[in-house]
Amino acid sequence: MLTAVIVLSVLAGIFGLLLGYAAVRFKVEGDPLVEKVDKLLPQTQCGQCGFPGCRPYATAIVNEEADINQCPPGGEATIHALADLLNRDPKPLNPENGEEQGKTVVYIDEENCIGCTLCIQACPVDAILGAAKQMHTVIESECTGCDLCIPPCPVECIHIKPIQQHWNTWAWPAPQISEATKTNNLLESASHD
Amino acid sequence: MIKQLFKFIGGVHIPQYKDISCNTTIQQAPIASQLVLPLSQHIGSPSVPIVHIGDHVLKGQTIAIAEDYVSVNLHAPTSGQIIAIEPRAIPHPSGLPAQCIVLQSDGKDQWRERKPIAEDYRQLDPSKVRNLIREAGIVGLGGAGFPSFIKMNPGPSGHIDTLILNAAECEPFITCDDRLLQERADEVIQGLFILRYALQAKHCVIAVEDNKAKAITALNKALETVDQSCIQVTAIPTIYPAGGEKQLIHTITGRQVPSHGLPIHIGVVVQNVATAAAIYAAIFRDEPLISRIVTLTGDVSRPTNYEVLLGTSMQSLIEQSDDSPQNKIKRIIMGGPMMGFAMHSSDIPIIKTCNCVIVDKGLTAELKQHGYTMPCIRCGQCADVCPAELLPQQLYWYTKSAQWQLSQDYQLFDCIECGCCDYVCPSYIPLVQYYRYAKAQIWEQERETEKSDHARERHEFRLERIEREKKEREERHRQKKAALGKKDTDPKGEKTKPDPKKAAIIAAMERVKQKKAQQNIQAKNTDNLTVAQKKQIEEADARRKKVNDEDSSS
């Protein structure tokens, strides 16, 4: 009896120390859930969700300070992915945050640019190139389409354009099967029978 | 040597429609006045133009070069002038334009200087031979267009036991390889020897479907004149898709290419017969890939095979073969009816991968499209015919409901898009369209993830940079402040150039200190005192104290 108690106590002590060591040694830096949520967000850093960037929004979602339907660039796909990850019910995009739109980028009308650098300071991904009193330009491949550079521009020379489809990034469309044709044909074959 | 053939699972028997076009000899298509040459006629990165608008080029001259590994050179199909380098319509299901070089023919068809290597290739290192094939712009001519020189590399293990020359040509309507074998079997066999030399392969098998008796006869006749110890012509059963790479390997060797693996991993390489003929032309005649044999068939007056210069428009080819009005054309299909796709216009150039052009005017029953679909009745016929041994029905449900992960779990990417499931589906469900759509969506998502990861990295770097700049600014301010504070206590220039007056004062004070130290000799009369002396001192102290006390009290 006594031996059992002693053996178990010693074992408990050893495992306790082991667990304690492991908790210190293998401590996970930061919140891994925030990391996962952040990975699902489109990283436009546009702030349409009401938070200053994708990571703050991810943190807010995890802390249940924000809902999962506040990201217009991500749209329905992101909402579904977040719902899957967090085991919540998917819901339609909150119209207060904006509408889901096609992918766009911005371009600078270089004739009118006065080189004020305000857009450079606004760009969250350093996609605008230029210097004071020099013409600025947008690096299209780096632009996320967040449109944050548009309001600061004093001469309104930044415009939105849809991303041009290129043949080698073109995706096969979904098969077009109209429900109406389907029913009509079924009725037709039924009446023939 | 192959003694036994293996049957792959699935496949369908479909009406062949080959006799429409396979009974006439290959005809030379006339040189079109304008040739449009897309820079990307192969799998891999587009070639890069090395000519400028206005340049005069000779037939066979290199006009664009390969800059990446998976790419090949492009050559002028005839002599003439470069009149444009701009986006033009290309044969692609999207119908979107791509960068092309436009060549205006001068009608002379004047060759550049040619230096054929011919039989001497056996003296060259296999890697040099591969490089020649790359420079000649040769890609797989069966339809996929993978640069051939890569598939001529035996890899690090260097062990290729079977080289298969694919002449199965299993899709209906197409007869270009059949005609090539009937007319130029010796060229194909010479090309095969070059391939064998580069790969150091043990056995070579030329696989022909057993419905091409004339091609088999021609091959056997051509083999009589050469050393045929390692080459075998094998007739394989006619069943679609016997010419699919993985299916053909299974038929010949009984081995299966692993999922996501390559034939080379199991010691097999498959090349198309037309590719072998092109390799022969490059080595023995120093002719780069500037033309190919194209089957023009379907609803045209004179269906046949043409030897066409690359860049010739399909429109001009159809005009050669057809007398009836063009406006009746419903569709122009590039490739076979099973795996080909419809063109968005007829003014589209013939490229390296274009083996067949089918004109559909609604006269051929097999080309008829069902305009509707009916619900899946779960009959399972699609699973019976799938040559990749997948479950098309499950894939259909998952891709229809956008469950990409599940569809990948069911090996969507092993689907070769052969169209057997479509063909047998009694509900006319366009299954392959669903799979293509799903694959495209998954690739799209991968691209999106890549892009968003990149954006996150840049954003985080920006935040870090702003933070660092802020700290640096604060540090600068602090240093400046500290510098200013010092200035108040320490007047300028004091350290470097001491004031002579102050120095004199300091020196004087120093002297006084020293003097004091010298004068301040400790009184030695306090040591070794007698009792009487001590008493006298105490009395004196007491008196002094008394006086002090009286003073303070008064």
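Within every chain, numbering begins at 1; the chains are lettered A, B, ... in the order of the sequence lines, protein sequences first and strands thereafter.
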So for Ile466(B), is it side chain, backbone, both, or neither that comes closer than 4.5 Å to the heavy atoms of chain A? neither
Against chain B, work out which of Gly53(A), Ala127(A), Cys123(A), Pro42(A) has the most heavy-atom pairs shorter than 4.5 Å and name it. Cys123(A)
Find the one option among Gln433(B), Glu460(B), Glu444(B) whose heavy-atom pairs under 4.5 Å with chain A are most numerous. Gln433(B)
Chain A contact via Lys451(B) - which portion, at a heavy-atom distance below 4.5 Å: side chain
Using non-hydrogen atoms and a 4.5 Å limit, figure out which bit of Glu448(B) sits close to chain A: side chain, backbone, both or neither. side chain
Answer with side chain, backbone, both or neither: which region of His454(B) has an atom nearer than 4.5 Å to a non-hydrogen atom of chain A? side chain
Considering only heavy atoms, give the residues of residues 135-157 of chain A separated from chain B by less than 4.5 Å, sorted numerically, with 'none' for an empty result. Ser141(A), Glu142(A), Cys143(A), Thr144(A)
Between Arg462(B) and Asp126(A), does any side-chain N to carboxylate O distance fall below 4.0 Å? yes
Residues from residues 71-90 of chain A approaching chain B under 4.5 Å (heavy atoms): none
Sub-4.5 Å side-chain heavy-atom contact between Glu457(B) and Gln43(A): no
Inter-chain contacts: residues 92-100 of chain B against chain A, heavy atoms under 4.5 Å: His92(B), Pro93(B), Ser94(B), Leu96(B), Pro97(B), Ala98(B)
Going by residue number, which parts of residues 403-411 of chain B are within reach of chain A, meaning a heavy-atom gap below 4.5 Å? none
